[in-house]
Amino acid sequence: MTLKPHRRLIAMGTPYFMQYALERLLEAKDENGEYLFDLVAIYTRAPKPNGRGMGLVYSPVHKAALELQKNYRLPFEIVTPETFKDPEAVKKFQSFEPDLVLVGAYGLKLTKPILDTPSMGCINLHASLLPKYRGASPIQRAILNGEKETGLTIMNMAEGMDTGDILAQKVLKLEPTMTTQDVCTALSKMAPDLLMKVLLENPKGEKQDESKATYADKITKQEAQIDWSKSPKIISCQIRAFSPVPGAFTFIENDKGHYLRLKIYNVLPSDQKAKSSEHGVILQNDGKLVVGCGNGALEITDLQLEGKKRMTGEEFIHGNILTKGTKLLNAALVLQQMSAEGKKKIIKEDSPTFWRIVSLLIPRHGRPQKAAADSQPRPMKIQDR
RNA sequence: CGCGGGGUAGAGCAGUCCGGUAGCUUGCCAGGCUCAUAACCUGGAGGUCAUGUGGUUCAAAUCCCAUCCCCGCAA
C-alpha cells in the first residue's frame, strides 16, 4: 500500500529515543517526490530550573527541536504541556489536526481524547519485547536482570501503561559488555526501518498476552550503589545497567580524609581471585585497575571521581589516586567510619558530604535518623543467576 | 544569586595550608639491550602553572581580588 503525502505529524519525547525514526519520517517521500510527512509540532517536557546555578535545563528532544527549527522546511511548534488532563492542552493538541503521532519515551500519559484524534493513530516506540518490561526503565531492568536479549516494540498506544496492540517487534541480542547507552543507541537505530515497514504494510495490531506482562520500575539511586561482596557477574550487570546515568557508584577516602563518590561506568571480567577480606579492595593498579569482589574480581575500564572528568582505567592509574590495597566503601561503611573516627572533624554532622551519604541510606523522601550508621543499604533488586 | 570539587607538559596527577630551581606516572623522539615484547637501561623534546601583561612582595603555581571554563551533588 502507498501512503498519501503531507500527513500531519507530531513527535513526542523527552530523551531523544526516536531521533533516527523521526529523521527518517521527515525525509520520506512518495514516488512523485512529495514529502510524506509534514512536522507540525514537537511535544516534550517543560524545561526546569536544574543543574549548577539552577539554570533552565531543556530536554534532549527540546534541544534537538530548537536545532531542527532552524533548517526544517516548514515552521512547527514546540509544546510543553504539564498534563493532558487539562482540556486546554487537549484543545491545543487537536488544533494541530495531526494524522500521526510518534511517541518515544515521552513520560506524560496520553488521555483518550488525545489517542482518538490522529487518523493514523499514536505509535509508540518501546525499548523492550512487550509484554515484558512495560514501564519507565525497560533497558536498565533488562540488563540488571542479566537478560540474554531484549528488543524494540512498535505499538499502537492505548490508555494503560504500554498495553497497546503490538505492530512490530525486533530482537536485539544483549552482549555481556553492553551498557544501557549502547543498547539505547542500538534500539533507536533499529527503529526507522521497522517503523517504515509498519507504516507501509499497516499490519493489524496483535493483542498483548497480559499473563506474560512484567513491569520495569523506574530505577532509583539506592539501586546504583555497588555491593562489592556480590559476584562479578551481578556487579557487572549493575554497572552496565546504570551507565551512564545515574552511574553505579562506590566511595573512597582520599588523602585529605574526604569521602568522595566514585562512579563506575564499565568493567571487564578479570581472572584474579579475591578473598572475602578483599571485597572492594584494589588488587592491581599497574596497567589494569582491578578490584576484588565476591568470588572473583573485575577490571575497571571507565570511571569518574567526583569533581573530575570521566576517564579510562588506565588514565586513572597514572594519577595514582587508587593505590593497591585501597578499599572501596559503601555508604553504610562510610558512615560507620565517620562516626568511629570522631577525631576527624573534616566532615561535620551537617556538611553536604554527610547528608549526601545519609541520603543514599534512606529510601527516598525518608528523614535521616541518628541510627543511620547501623542500618543496611537497601538491598539491590538483582537476582543471582 | 541552592551546595561542593577542580583548571600545572599530549593524557592522568603532586606541589598551594607554611611564597624562594617546574616535579611524578604515562605518552612522544633518539639510542642501547634483547629471537622478541605493552619488558628493561640511557639520553632528549615538550609548561607564559586557565585568564587578567590585576593587587601584595626583593620574590607568586603558592597569598588577595575579578573573570572565564570543566565536573559532582541536590531538585
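All values below come from the heavy atoms of this structure, side chains included, with hydrogens, waters and symmetry mates left out.
- Separating the P atom of B/C24 from that of B/G19 is a span of 24 Å, rounded to the nearest Å.
- The partner of B/G47, taking Watson-Crick or G-U wobble pairs whose two distances both stay under 3.5 Å, does not exist in any strand shown.
- Taking atom P on both nucleotides, B/A50 is separated from B/A14 by 14 Å, rounded to a whole Å.
- Nucleic acid contact for A/K48: none, since no nucleic acid atom lies under 4.0 Å from a heavy atom of the residue.
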Would you mind writing out the side-chain donor-acceptor pairs for residues 35-47 of chain A within the sub-3.5 Å range, not counting sequence neighbours?
from: A/D38; atom 1: OD1; to: A/H6; atom 2: ND1; distance (Å): 3.2
from: A/D38; atom 1: OD1; to: A/R73; atom 2: NH1; distance (Å): 3.2
from: A/D38; atom 1: OD1; to: A/R73; atom 2: NH2; distance (Å): 3.1
from: A/D38; atom 1: OD2; to: A/H6; atom 2: ND1; distance (Å): 3.0
from: A/T44; atom 1: OG1; to: A/G13; atom 2: O; distance (Å): 2.7
from: A/T44; atom 1: OG1; to: A/S59; atom 2: OG; distance (Å): 2.7

N/O donor-acceptor pairs under 3.5 Å from side chains in residues 78-91 of chain A, not counting sequence neighbours:
from: A/T83; atom 1: OG1; to: A/K85; atom 2: N; distance (Å): 2.9
from: A/D86; atom 1: OD1; to: A/E88; atom 2: N; distance (Å): 3.1

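- For a distance-only test at 3.5 Å, the side chain of A/R52 fails to qualify as a donor-acceptor partner of the base of B/G2.
- As rounded to the nearest Å, B/G23 and B/A9 have C1' atoms that lie 11 Å from one another.
- Heavy atoms of A/K288 sit nowhere under 4.0 angstrom from any nucleic acid atom.
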Strictly under 3.5 Å: I want the nitrogen or oxygen pairs between protein and nucleotides 13-16 of chain B, one per line.
from: B/C13; atom 1: O2'; to: A/G319; atom 2: O; distance (Å): 3.0

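- Within the nucleic acid shown, A/Q304 comes within 4.0 Å of sugar-phosphate atoms alone, with no base atom in reach, counting heavy atoms only.
- Using a 4.5 Å cut-off on side-chain heavy atoms (C-beta onward), A/L262 and A/L328 make contact.
- Shown here are the side chain to side chain donor-acceptor pair (under 3.5 Å) partners of A/T250, two or more places apart in sequence or in another chain: A/W228.
- Here, B/C65 and B/G55 have their P atoms 15 Å apart, quoted to the whole Å.
- Summarising the base pairing, B/A59 is matched to no nucleotide, lacking a Watson-Crick or G-U wobble pair whose two defining distances lie under 3.5 Å.
- Comparing the P positions of B/C68 and B/U51 gives a spacing of 15 Å, expressed to the nearest Å.
- Checking B/G2 for Watson-Crick or G-U wobble geometry (two distances, each under 3.5 Å) identifies B/C73 as its partner.
- Applying the side chain to side chain donor-acceptor pair (under 3.5 Å) rule to A/E299 yields no partners; only residues at least two apart in sequence or on another chain are considered.
- Nucleotides B/U21 and B/G7, compared at atom C1', are 24 Å apart to the nearest Å.
- Using N1 to N3 plus N6-O4 or O6-N4 for Watson-Crick, or N1-O2 and O6-N3 for G-U wobble, each under 3.5 Å, B/C35 pairs with nothing.
- Using a 4.0 Å heavy-atom cutoff across all strands shown, A/R310 reaches no nucleic acid atom at all.
- The P atoms of B/G5 and B/G46 are separated by 36 Å, rounded to the nearest whole Å.
- Under the ring-ring contact (aromatic ring centres under 6.0 Å, His included) criterion, A/H62 pairs with A/Y58, sequence neighbours left out.
- Rounding to whole angstrom units, NZ of residue A/K221 and C1' of B/A74 are separated by 8 Å.
- Atom-to-atom distance recorded for A/L298:CG and A/I264:CD1 is 8.5 Å, nearest 0.5 angstrom.
- One P atom belongs to B/G12, the other to B/C17, and the distance between them is 25 Å to the nearest Å.
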